[in-house]
> 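Have a look at the structure that comes next, please.
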Amino acid sequence: MFNADQVRSAVISTNPWVELRTIVESALDQGATLLGARQALIEFENSGWIVEELSVTGYEAFRDTIDNLAGMCSDEHKFREQITSAPARNSDVSNRTSLKSA
């Protein structure tokens, strides 16, 4: 889901919160789920993925991004999944039709 080089570049950038958010929002725009994106970032961390140049700020941004994907933040920082409308099921259509004729 995430390219390791992109994540690495984001966490060592001068504004890791913005860079990480851009990467995550791109994945969500492509259909990733909040849970899937969060798990992918946690896997980076659990794999012992270490960036030599990683600062405290970069690590905090990385952990904040994981928390934001779980909704553990203010509403303005929460990520949103893409909403796709599901097609109506046949039973839904027939129920609406039968209610109208009643």
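Because only heavy atoms are used, hydrogens play no part in the values below, and waters and symmetry mates are left out as well, while side chains stay in.
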> Measuring from Tyr59:OH to Asp64:CG, what's the distance to the nearest 0.5 Å?
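Here the rounded value is 10.5 Å.
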> Same hydrophobic cluster for Ile12 and Val18, using side-chain heavy-atom links shorter than 4.5 Å among ILVMFWY?
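They do not share one cluster, since no chain of ILVMFWY contacts under 4.5 Å joins Ile12 to Val18.
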> Drop me the distance from Phe79's CZ to Leu69's CG, to the nearest 0.5 angstrom.
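These two atoms lie 5.0 Å from each other.
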> Are Val24 and Ile42 connected into the same hydrophobic cluster when the rule is that any two of I, L, V, M, F, W, Y join if their side-chain heavy atoms are below 4.5 Å apart?
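Same cluster.
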> Restricting to ring-ring contact (aromatic ring centres under 6.0 Å, His included), what partner residues turn up for Phe2, sequence neighbours left out?
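Applying ring-ring contact (aromatic ring centres under 6.0 Å, His included) to Phe2 gives none.
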> Indicate if Ile66 and Leu35 have the same hydrophobic cluster label, given that clusters are the connected sets of ILVMFWY residues with side-chain heavy-atom separations under 4.5 angstrom.
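Not linked; separate clusters.
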> Taking all non-hydrogen atoms of both residues into account, name the closest pair between Leu41 and Phe62 and its distance.
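Taking every non-hydrogen atom into account, O-CZ, 3.3 Å.
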> Could you name each residue pair satisfying side chain to side chain donor-acceptor pair (under 3.5 Å) that touches residues 29-40, not counting sequence neighbours?
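Checked against side chain to side chain donor-acceptor pair (under 3.5 Å) - neighbours excluded - the pairs reaching residues 29-40 are Ser26-Gln30, Asp29-Gln82.
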> Which heavy atom of Glu19 sits nearest a heavy atom of Ser13, and at what distance?
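Looks like CG-OG, 3.2 Å.
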> Measuring from atom CZ of Arg8 to atom CZ of Phe44, what distance do you get when rounded to the nearest 0.5 angstrom?
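Result: 8.0 Å between the selected atoms.
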> Testing the basics here: between Gly71 and Lys78, what is the closest heavy-atom pair and its distance to 0.1 Å?
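The pair with the smallest heavy-atom distance is O-CE, 3.6 Å.
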> Hey, could you give me the CZ/CG distance between Arg63 and Asn68, rounded to the nearest 0.5 Å?
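Reported value, rounded in 0.5 Å steps: 11.0 Å.
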> Heavy-atom distance under 4.5 Å between the side chains of Thr57 and Pro16, does that happen here?
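In short, these two side chains touch, coming nearer than 4.5 Å.
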> Compare every heavy atom of Gln6 with every heavy atom of Ile23, then report the nearest pair and how far apart it is.
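The pair with the smallest heavy-atom distance is CD1-O, 3.3 Å.
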